[in-house]
Amino acid sequence: MLKNSKDITIDELISCVSNLKYRGFRFVTASCADNRDGTFSLYYHFDKQLELENIALTVSRDTAIPCITTLYLCAFLVENEMKELFGLTIENIAIDYEGRMFLTEDAPREPMTYGANILIERKEEES
Amino acid sequence: MEDNSFNSLIPFGPQHPVLPEPIQIKLVLEDEKIISAEPAIGYVHRGLEKLAEKKDIHQSIYVVERICGICSFMHALCYCQGLEELTGTEVPPRARYLRTIWGELHRTHSHLLWLGLMADSYGFESLFYQCWRIREKVLDIMEATAGSRVIISANILGGVRRDIGPDMLGHIQKTAKEIADSLRDIEKVFLNDYTVCHRTQGIGILTKEEAYELGAVGPVLRASGVPQDVRSLGYAAYGELDFEPATETAGDSYARTKVRLKELRNALSLIIQAAEKIPEGEISVKLARKPEGETVSRLEQPRGECLYYIKANGTDVLSRVRVRTPTFANIPALLKMLPGHQLSALPVILLSIDPCISCTER
Amino acid sequence: MKLIQKAAGKSPWIIHYDCNSCNGCDIEILASLTPIYDAERFGVVNVGNPKHADILIVSGSVNYRSRRVLENIWREMPGPKVVIAVGACACTGGIFSDCYNIIGGVDKVLPVDIYVPGCAPKPEAILDAVVRATEKLVHKREELAARQAEHVAKLRAKDPKGGRNAEKQ
């Protein structure tokens, strides 16, 4: 658990973020991690005079996550990134790349998820 | 008179003489005036965050260093500081000072590099060469102290890999003073030359409110009048050294140049201070235990605030490393600066945020 | 014709494309063009237009998106051309070779003439590569000229009267 972190539910997200905005916080970024049990933990990091405030969320892949770009436009890059690399459902992003921000058609899909079929292994030495 | 203007869509990049790195900016133009801009990225996306989850914590240092070759030391430092926090390891004071010296050397070389590229963006080639000539002195120190010019791999978990001897520290101080002297000549051109000022003043204005709202970081934020610098948190040895965040209020490309020039002077003074105050002692300790838990580690890179979110599970392999790099945060600000300017001003505005695309895309 | 053969080796024009690299190699390539190392003393000019270039310097490995760009640049360069792969990533994929978005080294996409290993290679190594690329360029031009001459000779043998026209081709 992070310091200065507050657990919330998905319905509280927008009200919580607008509260932070009202208090003069700056959006820093959002982080996403695969919990390896079908859920993802999401953190939204905010900052005011170098004090970091975090909002923690746990979502499943199909949960529709409300987009915060209406409040903080600068969140569009990171929301697109999460949508693309983790396959999360984030709707109505201000500038939506439709899952083609980093990856092209022929690249692996949703590569950051734990179950993604990507082989990164130490290559056997040929004897 | 008939209105002959029409809108056109121009893809700027990914390969363009002014761009050191591939990024594409899709511009909507009305004649030569930029109406809107949208970035198209992904030309440098490798997937290093995934790779860091597959290597063990010590190997991952070399992975995160290669996120960006210009600020590689800072990336490794941010990562190491995060893990040291998770394992409860106290880094010896000498290592903290050495980290500060190398960190500020990196800032010096990065800012000189940027000044050169900026001069190149308005076609001032001899100024570009002068900046890079001065920069070589920093790289020589890097090579002498760590064995490599750009990716120096000096950080390890719990300290640094090499010590710097007293002779070398003296040499570093001497060189820092020399660089400060030679800066005086290029400063004059960047700040007073009529043509250069004409290309930078009033170009790409970002107000204080916009910069704050759009989450800009580093020199871009400070040039708009927000004195935010993560170094004030006092990580490494910054808490014990004397320094003041450089700020400007105009928020244009000229102000951003000025902030970076001030930071260069700051960095050189920090190097001299750190080399004077450096205590004797060990340079590294072993990690106290295996890392467990989550943390956010932040530090000030040459381009701005860098954030690492690290999640560990008590083993040697981390379950998540997430990197938010400064350019990633500055792109929304860039999109705000562009509209209303002529197409010919684009290279200057683009370079004024000091874009580092390989950082952005990891 | 002879003059051009000779001149080509005296002033090769290079184009640099950062394919997927971490910037370490790029700044070293730029450093090798600046006065301390000064590749320009070999007549090297760094150009931005692939149509003007003889030598393509690539740093970094190839990913799925930059592949198309790299191929485009190479295709637009007029022949004969030389490709230099700078850095461990450009040679084999390096530390990134296991990443999900990486195809591999530059030689997976283009024929590479000269490899410069190192992470990042020193400017001296890059200078050496440029000098060798110049030699290779001259060699390739000579080969091309020989092939053209052979072709002309063949056409002459077929049609002795069309001499002038054949030579023009």
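Every chain is numbered from 1 and lettered A, B, ... according to where its sequence line falls, protein lines coming before strand lines. Bear in mind the structure is a predicted one, so any value in this text is a computation, not a measurement.
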Give, as side chain, backbone, both or neither, the part of C:Arg67 having an atom under 4.5 angstrom from any heavy atom of chain B.
-> neither

Of the backbone (N, CA, C, O) and the side chain (C-beta and beyond), which part of C:Ile36 lies under 4.5 Å from a heavy atom of chain B, both, or neither?
-> side chain

Okay, C:Tyr64 and chain B: the region with an atom under 4.5 Å from a heavy atom over there is neither

Can you check side-chain contact (heavy atoms from CB on, under 4.5 Å) on C:Cys119 and B:Arg66, steps first, answer last?
-> CA-CA 9 Å; C:Cys119 183; B:Arg66 279 154 185 81; 3.1 Å; yes

Could you look at C:Ile73 and say if it's the side chain, the backbone, both or neither that has a heavy atom under 4.5 Å from chain B?
-> side chain

For B:Ile152, is it the side chain, the backbone, both or neither that has a heavy atom under 4.5 Å from a heavy atom of chain C?
-> neither

Residue from B:Arg133, B:Arg362, B:Arg149 scoring the most non-hydrogen pairs under 4.5 Å with chain C is B:Arg149

Just grab all the ring-ring contact (aromatic ring centres under 6.0 Å, His included) pairs involving residues 121-140 of chain B, residues at least two apart or on different chains.
-> B:Phe128-B:Trp132

Tell me, with the steps shown, if B:Ile41 and C:Arg65 meet side-chain contact (heavy atoms from CB on, under 4.5 Å).
-> CA-CA 9 Å; B:Ile41 57 179; C:Arg65 184 164 286 179; 5.8 Å; no

Per-residue contact mode, C:Ser61 against chain B (heavy atom under 4.5 angstrom) = neither

Can you tell if the side chain of B:Leu48 reaches within under 4.5 Å of the side chain of C:Cys99, non-hydrogen atoms only?
-> yes

Under a 4.5 Å heavy-atom cutoff, which of C:Asn101, C:Asn72, C:Ile29 has the most pairs with chain B?
-> C:Asn101

Chain B: which of C:Asp26, C:Ile15, C:Ile27 shares the most heavy-atom pairs with it under 4.5 Å?
-> C:Ile27

Mind listing the closest non-hydrogen atom pair of C:Asn63 and B:His45 along with its distance?
-> ND2-O, 2.9 Å

Quick one: what part of C:Cys89 sits under 4.5 Å from any heavy atom of chain B, side chain, backbone, both or neither?
-> neither

Considering only heavy atoms from C-beta outward, does the side chain of C:Ile95 approach that of B:Val63 to under 4.5 Å?
-> yes

Between B:Ile151, B:Leu113, B:Ile70, B:Leu117, which shows the greatest number of heavy-atom pairs under 4.5 Å with chain C?
-> B:Ile70

CZ/C:Arg132: more than 12 non-hydrogen atoms of other groups inside 6.0 Å | no

Checking side-chain contact (heavy atoms from CB on, under 4.5 Å) for the pair C:Asn23/B:Cys356: CA distance, chi angles, key distance, verdict?
-> CA-CA 8 Å; C:Asn23 275 342; B:Cys356 177; 3.4 Å; yes

Proximal component of B:His75, with respect to chain C [non-hydrogen, under 4.5 Å] = neither

For chain C, which of B:Arg135, B:Glu361, B:Glu136, B:Glu143 has the most heavy-atom pairs under 4.5 Å?
-> B:Glu136

Are side-chain heavy atoms of C:Cys22 and B:Arg46 found at a separation under 4.5 Å?
-> yes

Atom NE2 of B:His58 with >12 non-hydrogen neighbours under 6.0 angstrom = yes

Which one of C:Asn20, C:Val69, C:Asp18 satisfies the side-chain contact (heavy atoms from CB on, under 4.5 Å) criterion with B:Tyr43?
-> C:Val69

From the list C:Cys25, C:Ala120, C:Ala31, the residue making the most non-hydrogen contacts under 4.5 Å with chain B is C:Ala31

